[in-house]
Number of protein chains: 2
Amino acid sequence: MVKNRNFIEKLRELGLRPTKQRVKMCEVLFNREKTFHFTINDLVKMISEEMNEKISLATVYNTVHALEKKGYLKEISINSDKSYFDTNTSVHHHFYDEDTQELIDCDGNDIDPINIKKNITGKKINSVEVLVKVASDNQNQK
Amino acid sequence: MVKNRNFIEKLRELGLRPTKQRVKMCEVLFNREKTFHFTINDLVKMISEEMNEKISLATVYNTVHALEKKGYLKEISINSDKSYFDTNTSVHHHFYDEDTQELIDCDGNDIDPINIKKNITGKKINSVEVLVKVASDNQNQK
DNA sequence: ATCTACATTATAATAATTCTAAACTGTTGA
DNA sequence: TCAACAGTTTAGAATTATTATAATGTAGAT
Ligand SMILES: [Mn+2]
Ligand SMILES: [Mn+2]
Ligand SMILES: [Zn+2]
Ligand SMILES: [Zn+2]
């Protein structure tokens, strides 16, 4: 989503009413240089730091899912108890640091294109994603 | 885990007491020809079908996690609200059918080995897993 | 301005997972 | 033999993550 822009217009274009909750969330999510990864709880914390009134947790879920459906957020699968979201909606792979529980984007040329030789009859491929789990090198050292 | 075997011995070898709950769970999980994927709820259903007394949900979680730690179960990441587990503990990739919410194993030669060119300093790679999401071909057809 | 239909919010409910107190079991030593 | 004790295991209670829905808000239509 375009940075430093009137999110009111932008939300209207998407068919979403530009409520104060949504505009604030868009500012927190998209008014920045780099894309980033977050959990719902991270986001709630970020919002409350920038805002006096608090947005209800359910509304944060609602809006995140609305923006996901419109293609402005992506959900990332991790072996974990909570969902991660990504403001980088391009097709890309991830490193997951099991020590810090942080996601790191894989650049296009960090991993060669994946060639899938099998195909499931009647099904088409929607996405191909690689997850590389990493952890501290000196975990079990002598 | 070896099929058609005395799970009592086997559990003892792992340092787990062979309680009736655990032995029954091992039978349900490992006394079969092929490996399979399941959610905790799937497993509870399978157990109650084969057993009169029911095992508490917390115990199912405990035992699944114990077997996972011992390397006899693997957790699989999916964009979803529940965890999937796999009795196939080898390194392998998956197709995920978004229509039926079923996991399908990728054979070794369905996907070429993934070459990771980037490395995170001080971190070692623990796993590299590909998830291929598929869905019905004629979803949005004219 | 008022009505109406739909969109949105946020509380209440549910589902998934974990915590922990009570029950169990294996070991030790009288 | 068999308490006493120290883990271990179970499962009900508690917590956390997510969703359902009742209440509230809003954009036309009249
Ligand atoms: Mn989602
Ligand atoms: Mn786990
Ligand atoms: Zn990313
Ligand atoms: Zn598998």
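All chains are named by letter (A, B, ...) in the order of the sequence lines, taking the proteins before the strands, and each is independently numbered beginning at 1. All of these numbers come straight from a predicted model, not from anything done at the bench.
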Q: In whole angstrom, what separates A:Leu11's CG from D:dT26's P?
A: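 Taking CG of A:Leu11 and P of D:dT26, I get 15 Å after rounding.
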Q: Roughly how many Å is it from CD1 in B:Ile40 to C1' in D:dA11, rounded to a whole number?
A: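 Between C1' of D:dA11 and CD1 of B:Ile40: 15 Å.
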Q: In whole angstrom, what separates A:Leu16's CG from C:dT9's C1'?
A: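 The answer, rounded to whole Å, is 14 Å.
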Q: Give B:Asn41 one of three labels, base, sugar-phosphate or nothing, depending on what nucleic acid heavy atoms sit under 4.0 Å from its own.
A: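 The answer is sugar-phosphate, as B:Asn41 gets under 4.0 Å only of primed atoms, P, OP1 or OP2.
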Q: Test your reading of the model: is there a side-chain donor-acceptor pair from A:Asp107 to the backbone of A:Asn109, 3.5 Å cut-off?
A: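 It does not hold such a pair.
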Q: What's the shortest heavy-atom distance between A:Glu75 and A:Ser83, and which atoms?
A: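 Minimum heavy-atom separation between A:Glu75 and A:Ser83: OE2-OG, 2.8 Å.
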Q: Taking only N and O in the side chain of A:Thr19, is any of them less than 4.0 Å away from OP1 or OP2 of C:dT9?
A: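 The answer is yes; a side-chain N or O of A:Thr19 sits under 4.0 Å from OP1 or OP2.
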Q: Taking atom NZ of A:Lys118 as the centre, does the number of heavy atoms from other residues, nucleotides or ligands within less than 6.0 Å exceed 12?
A: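 Buried by this count: over 12 neighbours within 6.0 Å.
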Q: Report yes if a side-chain nitrogen or oxygen of A:Tyr61 is closer than 4.0 Å to either non-bridging phosphate oxygen (OP1 or OP2) of D:dT18; otherwise report no.
A: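 Affirmative; the distance criterion is met.
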Q: Rounded to the nearest angstrom, tell me the gap between atom CD1 in A:Ile8 and atom P in D:dT26.
A: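 These atoms are roughly 13 Å apart.
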Q: Using a cut-off of less than 4.0 Å, is there contact between a side-chain N or O of B:Ser83 and OP1 or OP2 of C:dT17?
A: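 Yes.
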Q: Both B:Arg17 and B:Lys54 contact DNA chain D. Which one's nearest nucleotide lies toward the 5' end?
A: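 The residue mapped nearer the 5' terminus is B:Arg17.
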Q: Mapping B:Arg12 and B:Ala58 to their closest nucleotides on DNA chain C, which lands nearer the 5' end?
A: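 Between the two, 5'-proximity favours B:Ala58.
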Q: For a quick test of reading the model: is some side-chain N or O of A:Arg22 closer than 4.0 Å to OP1 or OP2 of C:dT8?
A: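 A:Arg22 to C:dT8 OP1/OP2: side-chain N or O found under 4.0 Å.
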Q: Please state how far atom CD in B:Gln21 lies from atom C1' in D:dG12, giving the value in whole angstrom units.
A: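 Computing the B:Gln21:CD to D:dG12:C1' distance gives 14 Å.
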Q: Between C:dA15 atom P and B:Leu57 atom CG, what is the distance in whole Å?
A: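 The answer, rounded to whole Å, is 12 Å.
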Q: Students often get this wrong, so: under 4.0 angstrom with heavy atoms, is A:Thr59 touching a base, only sugar-phosphate, or nothing?
A: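 The answer is base, as A:Thr59 lies within the cut-off (heavy atoms under 4.0 Å) of a base atom.
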Q: Grab the NZ-C1' distance between B:Lys82 and D:dT16 for me, whole Å please.
A: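 Whole-Å distance recorded here is 17 Å.
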Q: Atom CG of B:Asn62 and atom P of C:dT20: how far apart are they, to the nearest Å?
A: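 That distance rounds to 13 Å.
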Q: For A:Asp42 and A:Thr39, does a side-chain donor sit closer than 3.5 Å to a side-chain acceptor?
A: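 Yes.
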Q: Scan side-chain atoms only and decide if B:Asn88 and B:His37 contain a donor-acceptor pair under the 3.5 Å cut-off.
A: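 Their side chains do not contain a donor-acceptor pair, so the 3.5 Å distance test is not met.
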